[in-house]
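The structure appears below as structure tokens.
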Amino acid sequence: MNKEPKVSIVIPFYNCPYVDRAVQSALDQTYPCLEIIVVDDGSTREKEKLEPFKDKIIYIPKSNGGTASALNRGIEQASGTYFAWLSADDLFHPHKIARQMERLQHTGTLFNHTGYYYINELGTRISEPVRMPLYNKGELIETMMTGCPVNGSSVLLHMDIFRKVGLFNESFLYTQDYDLWLRILPHYEWSYIEEPLLDYRVHKDMGSVVHKEAQSQEIKGVQAKHREILSRLLRKERGG
């Protein structure tokens, strides 16, 4: 009997031409105990790319509601002990989940994220490894107050975290991940893997390009929402 904890990989999908590659990268994981949940957020095209995988994934169709709503639907249907998010245009490296599970168990943490590469439309790597400095807790808090260095598709976390802080906030269309990380930060220690275990695709149709101005405004709103709590946490961390 397999005694490894199950990891639920949730892939939100909306008209993404790369979704089949994302699903295949999830199927190619070396970690043995997985379920792959693809939440179709009201797609009107590219759905045929999922047909070859229908017997290997859990497919959940829903009306269009945005990334946060798709992630939440997947989490609600998940049966795993751990959650990983894979954007439909990104790619997991084969050992991603296995490396992260090892790190969580080694450190006793419940939240982990990793380094990554940028890739282009063709899947060619176009960057050196993108790594976050190895911050102490105070430096991490300070950094997270001014920006988000955590790539959502690099995260693996224990489902208990959602029971503590809640799911993704569906009122945020572009920064639902940043908001969640800021809600998690006061309650949990994080671990980090410098090794790039994700290919993050940059292309002209990605949300951060198409909705750049709206995203910028939303970031300011998220930072304002959490500033007081994180400022208190920072003072406490520094003995103030």
Side-chain angles (χ1 to χ4, degrees), residues 10 66-68 71-72 75 81-85 87 90 96 99-118 127-198 200 207-208 211-240:
V10 178
T67 301
L71 287 166
N72 288 345
I75 293 163
T81 305
Y82 291 86
F83 160 82
W85 164 13
S87 293
D90 296 340
K96 177 183 183 290
R99 294 262 201 279
Q100 290 185 285
M101 289 297 294
E102 289 168 1
R103 185 59 57 89
L104 290 177
Q105 290 162 6
H106 178 71
T107 60
T109 54
L110 300 182
F111 181 102
N112 179 266
H113 64 115
T114 80
Y116 57 95
Y117 291 104
Y118 287 110
S127 75
E128 295 298 312
V130 181
R131 296 187 174 104
M132 190 180 80
L134 295 177
Y135 296 123
N136 62 38
K137 184 66 178 286
E139 291 168 336
L140 176 61
I141 296 165
E142 194 170 38
T143 299
M144 292 295 293
M145 290 174 71
T146 60
C148 183
V150 180
N151 188 307
S153 287
S154 80
V155 167
L156 179 70
L157 62 84
H158 197 288
M159 288 287 190
D160 280 350
I161 290 179
F162 294 124
R163 292 184 264 277
K164 173 77 173 180
V165 307
L167 299 179
F168 289 93
N169 187 330
E170 296 181 19
S171 68
F172 292 122
L173 296 179
Y174 316 111
T175 57
Q176 67 285 326
D177 52 345
Y178 189 18
D179 171 73
L180 181 61
W181 314 152
L182 293 182
R183 281 190 277 135
I184 293 171
L185 191 55
H187 302 286
Y188 295 93
E189 296 297 321
W190 297 4
S191 56
Y192 178 64
I193 297 174
E194 285 190 291
E195 178 186 359
L197 294 172
L198 169 77
Y200 175 69
S208 58
H211 305 291
K212 184 177 180 179
E213 182 56 36
Q215 184 183 55
S216 178
Q217 291 303 311
E218 205 171 87
I219 287 171
K220 293 176 183 176
V222 168
Q223 290 171 342
K225 173 186 173 187
H226 294 280
R227 186 172 295 121
E228 184 176 344
I229 291 173
L230 293 177
S231 294
R232 287 202 304 267
L233 186 65
L234 183 60
R235 288 194 296 270
K236 180 180 177 182
E237 189 66 28
R238 292 181 171 171

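Bear in mind the structure is a predicted one, so any value in this text is a computation, not a measurement.
Without hydrogens or angle criteria, N112 side chain to S191 main chain gives a donor-acceptor distance under 3.5 Å. Looking at S87, its side chain never comes within 3.5 Å of a backbone N or O of S153 through a donor-acceptor pair. Without hydrogens or angle criteria, R227 side chain to M145 main chain gives no donor-acceptor distance under 3.5 Å. Without hydrogens or angle criteria, Q215 side chain to T175 main chain gives no donor-acceptor distance under 3.5 Å.
The two residues K96 and V155 make their nearest non-hydrogen contact at NZ-O, 4.0 Å. Summarising the geometry of G147 relative to Y178, their closest heavy-atom pair is N-OH, 3.3 Å, with the distance given to 0.1 Å. Residue T114 comes nearest to Y192 through the heavy atom pair C-CE1, 3.6 Å, listed as atom of the first residue, atom of the second, then distance. What you find for Y174 and A214 is that their closest heavy atoms are CE1-CB, 3.5 Å. Summarising the geometry of L180 relative to G166, their closest heavy-atom pair is CD1-O, 3.8 Å, with the distance given to 0.1 Å. Counting all heavy atoms, side chain and backbone alike, E218 lies closest to S171 at OE2-O, 4.3 Å.
Ring planes of W85 and W181: tilted class, angle from 30 to 60°. Between Y200 and Y116, the ring planes are perpendicular. Angles over 60° get that label, and only those under 30° would be called parallel.
In this structure, the separation between NZ on K164 and OH on Y188 is 6.0 Å, given to the nearest 0.5 Å. Interatomic distance, L197 CG to R103 CZ, rounded to the nearest 0.5 Å: 9.5 Å. Distance check, rounded to the nearest 0.5 Å: OG1 of T107 to CD1 of I193 gives 9.0 Å. The line from CE of M144 to CD1 of I184 is 9.0 Å long, rounded to the nearest 0.5 Å. One finds the CD atom of E237 at 5.0 Å from the CD1 atom of I141 (value rounded to the nearest 0.5 Å).
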N/O donor-acceptor pairs under 3.5 Å from side chains in residues 128-136, not counting sequence neighbours:
{"residue": "R131", "atom": "NE", "partner": "E194", "partner atom": "O", "Å": "3.1"}
{"residue": "N136", "atom": "OD1", "partner": "G138", "partner atom": "N", "Å": "3.1"}
{"residue": "N136", "atom": "OD1", "partner": "E139", "partner atom": "N", "Å": "2.8"}

Worksheet item: What do the steps show when you test R163 against M159 for side chain to side chain contact (heavy atoms under 4.5 Å, CB included), and what is the final call?
Response: CA-CA 7 Å; R163 292 184 264 277; M159 288 287 190; 3.6 Å; yes
Worksheet item: After noting the C-alpha distance and the side-chain angles of T67 and F168, does the key distance pass the side chain to side chain contact (heavy atoms under 4.5 Å, CB included) rule?
Response: CA-CA 9 Å; T67 301; F168 289 93; over 6 Å; no
Item to complete: Any chance you could lay out the side chain to side chain contact (heavy atoms under 4.5 Å, CB included) test for L182 and L230, step after step, and finish with the verdict?
Response: CA-CA 8 Å; L182 293 182; L230 293 177; 3.6 Å; yes
Worksheet item: Is there a side chain to side chain contact (heavy atoms under 4.5 Å, CB included) between L140 and L185 once you walk through the steps?
Response: CA-CA 9 Å; L140 176 61; L185 191 55; 3.8 Å; yes
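In this structure the side chain of N169 never reaches within 4.5 angstrom of the side chain of Q176, judged on heavy atoms.
Residues satisfying the salt bridge (Lys or Arg N to Asp or Glu O under 4.0 Å) criterion with D179, sequence neighbours excluded, are R183, K225.
Checking L104, D160, I161 one by one against Y82, the side-chain contact (heavy atoms from CB on, under 4.5 Å) holds for a single residue, L104.
Under the 4.0 Å criterion applied to side-chain N and carboxylate O atoms, R238 and E142 are assigned as salt-bridge partners.
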